[in-house]
Every structure is written in structure tokens, then in C-alpha cells.
Amino acid sequence: MIQGCENQQIQPLTRRAPRVTYRVTHPAAALQEAGTLALFGFGAGSPQPADARCIRVALESFDAPAPMELWQVDAPVSCGVEGALRWSAGGGWLFVAIELDEREHGGTSAAAKWAYQQLHRFVAARGTQHVLRVWNYLGAINRGEGDAERYKHFCDGRAAGMGDFFGEGFPAATAIGHHGDVHRLQIYLLACDQPGHRVENPRQVSAWRYPRQYGRTPPSFARAMSLPAQDALAISGTAAVVGHASAHQDDLDAQLRETLTNLEALLASADMAAGFDTLSPLKAYVRHAADASHVREFLQQRLPGVPVLLLHGDICRSELLVEIDGWRYA
Ligand code: 3EB
């Protein structure tokens, strides 16, 4: 008997994770490859092609020549510009970036609020409403004491702009201070038409439960996000935080070791095999330029073969010297 299609079991498409790679390449060649969703250059000297998929991240690379970061999906990609937003989409995935001058939006907190409102309005309207991973770069992130610190204002505005959009749980995220124009706020994200699975680190208090000493508004992010097909883990900025406290003040090696322990705890928490490999691109954000070569050597020894992009950036707690984020494919 021939079954009508109304009787067929339609399997929902599972969205294969975008491939993230670092490459020393000419941007035009990378943009011409099939499925290129986004292309990132790092630092003021990086190429800036006039293509909505290209972002120049305001963090200087410690590598010369600086590699570019490439995101690729298994589908045709379309892209465009809408107001302050640049976007690209394909195969159920959406990349959106916003870049603005805080002074034009009433300061750090108001700018973050406005940016997040723009971003979630856009993703919701496109049906790719599951925001899985967000990167935030602001200038002078540690300027100001206590509650007056710029990072704290950013956290206020981010939470206000998110509103109840993340009622089911926060995306994975990174928030790093750049050394470019202090008023420049850059945010970009990866969203999907299917939800991911949030992962927390049992060694750490969830960021949104941090006690009051870390600010009025706890940081709104998940420690990691397993992508819809569970074929990759998007790992948030991870540092030497144990419980809610920063560990190993003034001890770079101990912070690095603690950070790697936190990364392994996240893999275990996501039910993934231990370890990172040649397909697991990581970024290490290093506060002091003088520490960069030591961080590189440490990671080459502890994570041989793992692609690591070393970037000059400030971690949102001034006592933290290094932070690592990235991807692990299953
Ligand atoms: C920490 O564990 C370090 O505010 O989005 C890491 C990742 C950190 C993301 C954010 C902050 C953020 O609390 C800081």
C-alpha cells in the first residue's frame, strides 16, 4: 500500500553546527567559499571588506600574520544591513552584529540596552529566535570603581535590553574589554531556528546567581551552549573562577591551570569526551601583552595541536589575567 505523505513521519531537520576555523587567508577567497556565514578580522590592521558578513573585532591579535576566523554552514547564505545591524543567514542559522558609539545612545548602560533590544527584535522577526551564543566587546571595561565600573553598567544595560526575551535561559557569552576607541561597543551573536541546550559548570556558581558583591545586575550568560544537533559545544568565556570567587590572584600559571580545569568540567557537564583537539578552535584573551608568549607556550604544551587565537583583551574582573572561550565539536 502506498502511504500518503500525511502519514509519513517527517523528521525535523537537525541543524548541523557551523564550522569555525582560523585561517591566514585573503578575505575575498574566504567570502567566495560556499556557506561562509561570517568572517572576522582582529585588530585595527585587519582587512575590512565591504560585505555584511565581515566584522573587524577591536581586539589586537598577538599572532603575525593574524589569522581570520571563518564561520561556515552547509547551505546558501544571504546577508544584508538593516539600520545598525549587519546580518547573514543560511540553513536555519543567523549571524547578527551591531556596532555603535555609546555616546550616541546615552552611555554604556543605555547603549547596551538599545543594542540588545535591536538584536532580539531582529532575531525574533526572522524566526531564528534561539540565540545560542553572544560576544560582547567594550572599551575600558574595568574603568570605574566598584558599582561604577563600566562592565557593571554594561551588565545593567544588557539585562534591561534582554527583558524577558531569555526567560527560558541565557545564551552562552563572552564579554571582553578592548583597547580601541573607548566608546565603541561591538556585539555579535549566533542564533538558530532550533533551541540549544544550556550547560552550567558544577565548579562555578551560575553567573546569573553571583552575589551582590559583583554588581547590581548579575551577568546574564550560560557557561556553555550545546548546539541543536548536540554536535558542538559553544563555550563561554571561562576564567579562574571557582564558586563565585576569582582564584589565584597575581598567579598567571595557576589561573591558566584553573581555567583548563573549568573547561574540562564543562565538557564533562555536557556529556562530551574529555580534551580538545585540532578541530576545537579556542581564543585566549590576555590582559597584559607581556604575558602573551607565556600563555602561548603554556597552551601549546597543555593543548598540543589545538588552534588557539591569542588576543589582547581585558577580562571583566580586574584580577583575572586570562580567559578562554571557543568550540568543541562532538
Ligand atoms: C566569569 O566567569 C568571568 O558578562 O558575558 C565570562 C563570560 C565572564 C561572559 C559576560 C563574563 C561574561 O564570571 C567573566
Side-chain angles (χ1 to χ4, degrees), residues 57 59 98 108-109 111-113 115-116 119-120 131-144 147 149-162 165-166 169-178 185-190 198-225 233-249 254-266 269 282-287 311 313-327:
V57 174
L59 299 175
I98 189 164
T108 307
S109 171
K113 178 179 178 182
Y116 270 84
L119 289 166
H120 75 65
V131 178
L132 304 178
R133 183 66 171 92
V134 189
W135 290 259
N136 306 276
Y137 303 115
L138 59 152
I141 196 168
N142 301 126
R143 184 180 293 170
D147 281 350
E149 188 184 39
R150 281 168 52 81
Y151 174 61
K152 312 285 173 44
H153 290 293
F154 168 78
C155 285
D156 295 342
R158 169 171 59 176
M162 282 179 165
F165 188 72
F166 292 100
F170 296 118
T174 295
I176 289 289
H178 66 68
L185 174 64
Q186 282 188 307
I187 304 173
Y188 59 83
L189 62 79
L190 176 69
R198 281 167 292 278
V199 175
E200 289 299 305
N201 182 346
R203 304 183 78 238
Q204 297 182 315
V205 173
S206 291
W208 67 87
R209 296 203 175 108
Y210 279 171
R212 175 65 181 86
Q213 69 198 88
Y214 300 102
R216 290 171 295 271
T217 311
S220 26
F221 69 97
R223 297 293 179 185
M225 183 71 73
L233 187 70
I235 300 169
S236 293
T238 302
V241 172
V242 181
H244 57 70
S246 305
H248 317 298
Q249 199 155 347
Q255 289 195 17
L256 280 164
R257 284 194 295 272
E258 200 73 67
T259 301
L260 293 191
T261 304
N262 278 330
L263 291 171
E264 285 298 340
L266 276 173
S269 181
L282 300 179
K283 290 199 187 88
Y285 306 92
V286 180
R287 178 182 295 278
L311 297 171
D314 293 332
I315 295 85
C316 61
R317 294 185 185 184
S318 53
E319 66 275 15
L320 294 174
L321 302 170
V322 65
E323 181 173 300
I324 295 177
D325 69 12
W327 300 85

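In each ligand, atom 1 is the first atom listed, and ligand 1 is the first ligand listed.
- Listed by atom number, the atoms of ligand 1 under 4.0 Å from C316 heavy atoms are 8 (C), 11 (C), 14 (C).
- Neither the backbone nor the side chain of H244 has any atom closer than 4.0 Å to an atom of ligand 1 (non-hydrogen atoms only).
- The shortest distance between side-chain heavy atoms of Y285 and L320 does not fall below 4.5 Å.
- For atom 2 (O) of ligand 1, the closest non-hydrogen atom of the protein is R223 NH1, 2.9 Å.
- Atoms of ligand 1 found under 4.0 Å from any heavy atom of Y210, numbered from 1 in the order shown, are 1 (C), 2 (O), 13 (O).
- Near A173, with a cut-off below 4.0 Å to any heavy atom, the atoms of ligand 1 are 5 (O), 7 (C), 9 (C).
- Residue contacts with ligand 1: R158 is placed with a nitrogen or oxygen under 3.5 Å of a nitrogen or oxygen of the ligand (distance criterion only).
- Using the six-membered ring where Trp is involved, F166 and F170 have ring planes that are tilted, between 30° and 60° apart.
- Donor-acceptor pairing under 3.5 Å is lacking for the side chains of Y151 and N136.
- Counting only heavy atoms of the protein, atom 3 (C) of ligand 1 lies nearest to E323 OE1, 3.9 Å.
- Y214 places none of its side-chain heavy atoms less than 4.5 Å from the side chain of P219.
- Neither the backbone nor the side chain of S236 has any atom closer than 4.0 Å to an atom of ligand 1 (non-hydrogen atoms only).
- Of the N or O atoms in Q204, none lie within a sub-3.5 Å distance of an N or O in ligand 1.
- In summary, the atoms of ligand 1 found under 4.0 Å from a heavy atom of G237, numbered by their order in the structure, are 6 (C), 7 (C).
- By the 30° and 60° cut-offs, the orientation of the rings of F165 relative to H120 is parallel.
- The nearest pair of heavy atoms linking L266 to R223 is CD2-CB, 3.6 Å.
- Close approach of ligand 1 to P219 (heavy-atom distance below 4.0 Å) involves ligand atoms 4 (O).
- Under 4.0 angstrom from ligand 1, there are no non-hydrogen atoms of A239.
- The residues R203 and E258 are annotated as salt-bridged, a charged nitrogen and a carboxylate oxygen being separated by less than 4.0 angstrom.
- Protein heavy atom in closest approach to atom 4 (O) of ligand 1: Y151 OH, 2.5 Å.
- Ranking protein heavy atoms by distance to atom 12 (C) of ligand 1, first place goes to F221 CE2, 3.3 Å.
- Considering CG of D314 and CZ of R143, their distance stands at 10.5 Å, rounded to 0.5 Å.
- Between V57 and W135, the closest side-chain pair of non-hydrogen atoms is not below 4.5 Å.
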